[in-house]
Chemist: 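Before I ask anything, here is the structure I am working with.
What you see below is based on every heavy atom in this structure, not just the backbone, and it leaves out hydrogens, waters and symmetry mates. Atoms within each ligand, like the ligands themselves, are counted from 1 in listed order. Just so it is clear, the structure is predicted and the values come from calculations on it, not from any experiment. Here, residue 1 is the first one in the sequence, and each next residue gets the next number.
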Amino acid sequence: MAAADADIYTSEEQRTLTLGGHVGFDSLPDQLVSKSVSQGFSFNVLCVGETGIGKSTLMNTLFSTTFEKEEASHYQNVVHLRSRAYDLRESNVALRLTIVDTVGFGDQVNKEESYKPIEDYIDNQFENFLQEELKIKRSLHDYSDTRIHVCLFFITPTGHSLKSLDLLTMKKLDTKVNIIPIIAKADTISRCDLHKFKTKIMSELVNNGIQIYQFPTDDEAVTEINSSMNAHLPFAVVGSSEEVKIENKLVRARQYPWGTVHVENESHCDFVKLREMLVRVNMEDLREQTHTRHYELYRRCRLETLGFRDTGPDGQTFSLQDTYMTKRRELLSELQHREEAMRQTFVSRVKDTEAELKERERELHERFELLKRRHQDEKRSLEERCQELEEEMISFSARKATAGTLQFHTLQSSLTLPVKKDKDKKNFFTLPSECSLTAGRSLN
Ligand code: GTP
Ligand code: MG
């Protein structure tokens, strides 16, 4: 038994055995189908195209229903994306369809940045999925996947060439999403012009290195149809919300004074080819390519920018654990450097502040001394002035007393004078009362 186990684990050779009877694992594909059907599917379409190019009408025509319609104005300052999800059911298959369309695409004077909101939207959906994947407790089985599976790029049927806005946008998006270019409103261009236009578009895409989605040819069941359809790209489509009765059958069509364009008539436009390729044959491949090619690329670049890699600088394999340890060491050493730098900055700042404070203290002290000196000088001069005033007051009082004495003596001497003529008698006798008053006041 032990020898047999050793044989199992060491042998690298694989042997093909024949079964003796029915075991039952041939039902695996059926199990897979029934599981997928019970879970339901999701499909996310991004419609990029100018305002009024026919995005909503084509979606209605493709899924044979009427989704909400909200016309965009031509006065948007920037491009933004509008996303709406719908639950559809066909037979017993449930489909969660998300239609995202560009609002205001091509309406700005400066269109240089028009691709940016679209690129950001696609990246954000990848980022959300990556964050869910990186969670310890993740729930990917019931995760509502919003990653864009296909981008229908609506080209204006000018008959000339692609606009630089179209080329720039497709170039920016081609590594992020499966792009299917379509010529919109193909009923407005003649058959001959359309043929030339298609050739021109394809050569411009090749010349600018733009990778559009190629219908896969590796699965034998679809090799033939897919390779012939690859040659028909870009599809020239017509959409219509109108239904016209033709041979007792209601069909989608556009009616004009000169005739009727049947959306599903392959000699009128490529609508049927688009529906066949997008929905009936390659929907699963589009979903798969989104996960295995575009998301994988996003994930790799994102993890690399975070410092994760599979191989070390010498080419040796690098496990997640190694990456974690290396990153941890790097972060710790960076932390130490930062700590040291912060410490030094702190010390030098403290020194600077200390010196500044000392300088201010010295200045204050000097000002205080100056004020003190000024105050003492003023006090001294005031005291001197006071002294002077006191002396002046004393001398004034002395002079006043002398003047009073003098006045008194003068009055006395005038009273002792001999009596004058009679006519002066009156004056003589009235004089003493005035003189006594004045003298009294002066003496006071
Ligand atoms: P916004 O969402 O406002 O940017 O417009 P949209 O791109 O969704 O265009 P919508 O489907 O609303 O169609 C705008 C106009 O174009 C409508 O009058 C449609 O009837 C018309 N239209 C749509 N598809 C076609 C088409 O294939 N050919 C022609 N000639 N007209 C079409
Ligand atoms: Mg619309």
Chemist: Can you see which heavy atom on K327 is nearest to which on L306, and at what distance?
Modeler: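 That closest heavy-atom pairing would be CE-O, 3.5 Å.
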
Chemist: Given the rule in the side chain to side chain contact (heavy atoms under 4.5 Å, CB included) test, do L332 and R328 qualify, once you have shown the distances and angles that lead to the verdict?
Modeler: CA-CA 6 Å; L332 277 174; R328 191 164 183 271; 4.1 Å; yes

Chemist: Taking only protein atoms, how many N, O or S atoms are found under 2.8 Å from the Mg ion (ligand 2)?
Modeler: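 Near the Mg ion (ligand 2), the number of protein N, O or S atoms below 2.8 Å is 1.
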
Chemist: Quick check with a 6.0 Å cut-off and a 45 degree axis cone: is R84 positioned over the face of F67's six-membered ring?
Modeler: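 Pair R84/F67 does not count as cation-pi.
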
Chemist: Using salt bridge (Lys or Arg N to Asp or Glu O under 4.0 Å) as the criterion, point out the one residue from D87, D145, D142 that pairs with R96.
Modeler: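 Per the salt bridge (Lys or Arg N to Asp or Glu O under 4.0 Å) rule, the option paired with R96 is D87, out of D87, D145, D142.
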
Chemist: About how many Å separate CG of N44 and CD1 of I122, when rounded to the nearest 0.5 Å?
Modeler: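 One gets 11.5 Å once the value is rounded to the nearest 0.5 Å.
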
Chemist: One thing to verify: whether R385 and E388 come together as a salt bridge, which I'm taking to mean a side-chain N less than 4.0 angstrom from a carboxylate O.
Modeler: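 A salt bridge is present here (some side-chain N lies under 4.0 Å from a carboxylate O).
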
Chemist: For ligand 1, what is the set of protein residues having any non-hydrogen atom at a distance below 4.0 Å?
Modeler: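 Lining ligand 1 at under 4.0 Å, by heavy atoms, one finds E50, T51, G52, I53, G54, K55, S56, T57, K69, E71, A72, R82, K185, D187, T188, V238, G239, R254, Y256.
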
Chemist: Taking all atoms of both residues into account, what is the closest heavy-atom pair of P157 and F197, and its distance?
Modeler: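 So the minimum-distance heavy-atom pair works out to CA-CE2, 4.0 Å.
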
Chemist: Determine the minimum heavy-atom distance between M202 and P234, stating which atoms define it.
Modeler: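 Heavy atoms only, the tightest pair is SD-CD, 3.7 Å.
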
Chemist: Classify the ring geometry of Y213 against F215: parallel below 30°, tilted from 30° to 60°, perpendicular beyond 60°.
Modeler: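 Rings of Y213 and F215: perpendicular, over 60°.
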
